[in-house]
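Side chains included, hydrogens not; waters and symmetry mates left out as well; all remaining heavy atoms used.
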Amino acid sequence: MANQDDKQTSVAQQAKPERLTKKELRSIFLRYMFLPESAMSYEKMHGAAWAVSYMPLGNKYYKNDDQAYQRLLKRHSPFYNTEPQTGQLVNGIVASLEEQIGMGNTNVSEEMPVDVKASLMGPLAGIGDSLMQGILIPTLLSIAMGLSKGGSPLGPLFYIVTYAVIITIVEIVCFKGGYKLGVSAVDKIVGESAKRLTNMFTVLGTIVIGGLAASTIALKTTVKIPFGSQTKPLETIIDGFFPGLLPLIAVLFTFWLISSKRMSANKVILILTVVATVGVLIKFL
């Protein structure tokens, strides 16, 4: 009898679902790292990538339960969109929740991962876009453009390698942090501290872009104006009280075309080309 009880206990322990292994977590992480925009559509955005990313989890927990496997893929197929790199935080949180569902934890419903994704994709988009698009990319590009002077290949190489290393580190940290914190990370992301963090990144990104525009846009006027008994270049007078005024006007004009007139980038480039050409022909620029 004792041997039979020991065998039953051993079988029960073997039947109990185990946690995701490092290999399985790595597979979920890498799939979302490389695939979020591989099947983009206005209807689902990152939805298809999410479904593919969680196939390793489905193969582990629902290999013999087709209906549960289908529900897993269906709940991760609808529309989802956020900044992909910092979005790994949500991926980590959802991985921890789906792990609990797969292990039979009744305290975690199948709707919870979906609710978490819907709640966090907006705040993370604000933080991620401000951090990546507003700070990291302009900063690295400004350095790369300086290194590229004279046709040096060092600039592009610097940007490619540095950007790849930084975003890889960011994604790993976000995924591991989300997986470790689980659903408790929601309060940290959607709270007041997150809003202040978003505002901080927005202001910092604006400063970086402003500095980049002032240092890289070359726009000067050749006009000379009477100055006493002589003439003096208008550019010298402008720089005396407002250095970089013409590049600032060009940036504000471009921003107005994009934000107010809703013009595409190609149309804006064409308009700027025409303005620059006319300015040179009339000897103003």
Side-chain angles (χ1 to χ4, degrees), residues 22-23 25-40 45-46 48-50 52-53 81-92 124-179 197-198 200-220 243-244 246-248 250-255 257-258 264-273 276:
K22 290 183 178 180
K23 182 178 180 181
L25 285 172
R26 190 183 306 116
S27 179
I28 294 173
F29 167 78
L30 291 175
R31 285 174 181 235
Y32 187 74
M33 180 179 182
F34 291 106
L35 300 177
E37 298 181 353
S38 61
M40 290 278 286
M45 299 302 281
H46 297 176
W50 270 93
V52 173
S53 298
N81 186 35
T82 194
E83 202 284 320
Q85 281 75 52
T86 55
Q88 285 283 11
L89 182 64
V90 181
N91 192 17
L124 265 183
I127 295 174
D129 289 341
S130 299
L131 182 61
M132 295 295 174
Q133 311 297 329
I135 298 176
L136 179 62
I137 292 178
T139 301
L140 293 181
L141 284 176
S142 64
I143 298 173
M145 286 187 288
L147 295 174
S148 300
K149 289 184 178 179
S152 173
L154 185 60
L157 291 176
F158 166 81
Y159 177 78
I160 293 171
V161 174
T162 306
Y163 180 73
V165 171
I166 292 175
I167 65 169
T168 300
I169 294 174
V170 169
E171 292 199 41
I172 292 174
V173 171
C174 287
F175 182 80
K176 288 186 175 181
Y179 179 74
L197 187 64
T198 302
M200 180 190 73
F201 282 139
T202 301
V203 173
L204 184 58
T206 303
I207 294 173
V208 171
I209 293 175
L212 179 62
S215 60
T216 57
I217 298 177
L219 184 61
K220 297 182 178 181
L246 292 181
L248 175 61
V251 171
L252 295 177
F253 177 63
T254 303
F255 177 76
L257 291 176
I258 295 175
S264 64
N266 291 333
K267 290 182 179 180
V268 171
I269 292 173
L270 180 61
I271 291 174
L272 293 177
T273 301

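Here the CG atom belonging to Asn81 is positioned 8.0 Å from the CD atom belonging to Glu37, to the nearest 0.5 angstrom. Distance check: Ile143 CD1 to Thr139 OG1 gives 6.5 Å after rounding to the nearest 0.5 Å. Here CG of Leu257 is found 10.5 Å from OG of Ser264. Values are rounded to the nearest 0.5 Å. Residue Leu154 holds its CG atom at 15.5 Å from OH of Tyr159, rounded to the nearest 0.5 Å. Ile137 CD1 to Ile166 CD1: the interatomic distance, rounded to the nearest 0.5 Å, is 10.5 Å. A distance of 11.5 Å separates CD1 in Ile167 from SG in Cys174, rounded to the nearest 0.5 Å.
Note: Tyr32 and Trp50 have tilted aromatic rings, judged against thresholds of 30 and 60 degrees for the angle between ring planes.
The shortest non-hydrogen separation linking Phe29 to Gln88 is O-NE2, 3.2 Å. A pairwise comparison of heavy atoms in Val52 and Arg31 identifies O-NH1, 2.8 Å as the closest pair. When all heavy atoms of Thr86 and Gly128 are compared, the pair lying nearest together is OG1-CA, 3.4 Å. What you find for Ser152 and Leu147 is that their closest heavy atoms are CB-O, 3.4 Å. Residues His46 and Pro84 approach most closely at CE1-CG, 4.1 Å, considering heavy atoms.
Side-chain atoms of Ser53 come within 3.5 Å of backbone atoms of Ala49 as a donor-acceptor pair (strictly under, hydrogens ignored). Using modelled atom types, one side-chain atom of Thr82 and one backbone atom of Ala125 make a donor-acceptor pair closer than 3.5 Å.
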Evaluate the side-chain contact (heavy atoms from CB on, under 4.5 Å) criterion for residues Ile271 and Thr254: first the C-alpha distance (whole Å), next the side-chain angles of each, then the deciding distance (0.1 Å), finally the verdict. CA-CA 9 Å; Ile271 291 174; Thr254 303; over 6 Å; no
Ile169 and Val173: side-chain contact (heavy atoms from CB on, under 4.5 Å), yes or no, with the steps? CA-CA 6 Å; Ile169 294 174; Val173 171; 4.3 Å; yes
What do the steps show when you test Tyr179 against Asn91 for side-chain contact (heavy atoms from CB on, under 4.5 Å), and what is the final call? CA-CA 8 Å; Tyr179 179 74; Asn91 192 17; over 6 Å; no
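The side-chain heavy atoms of Tyr163 and Leu136, taken from C-beta on, include a pair separated by under 4.5 Å. Side chains of Leu25 and Lys176 form no contact here, defined as non-hydrogen atoms less than 4.5 Å apart.
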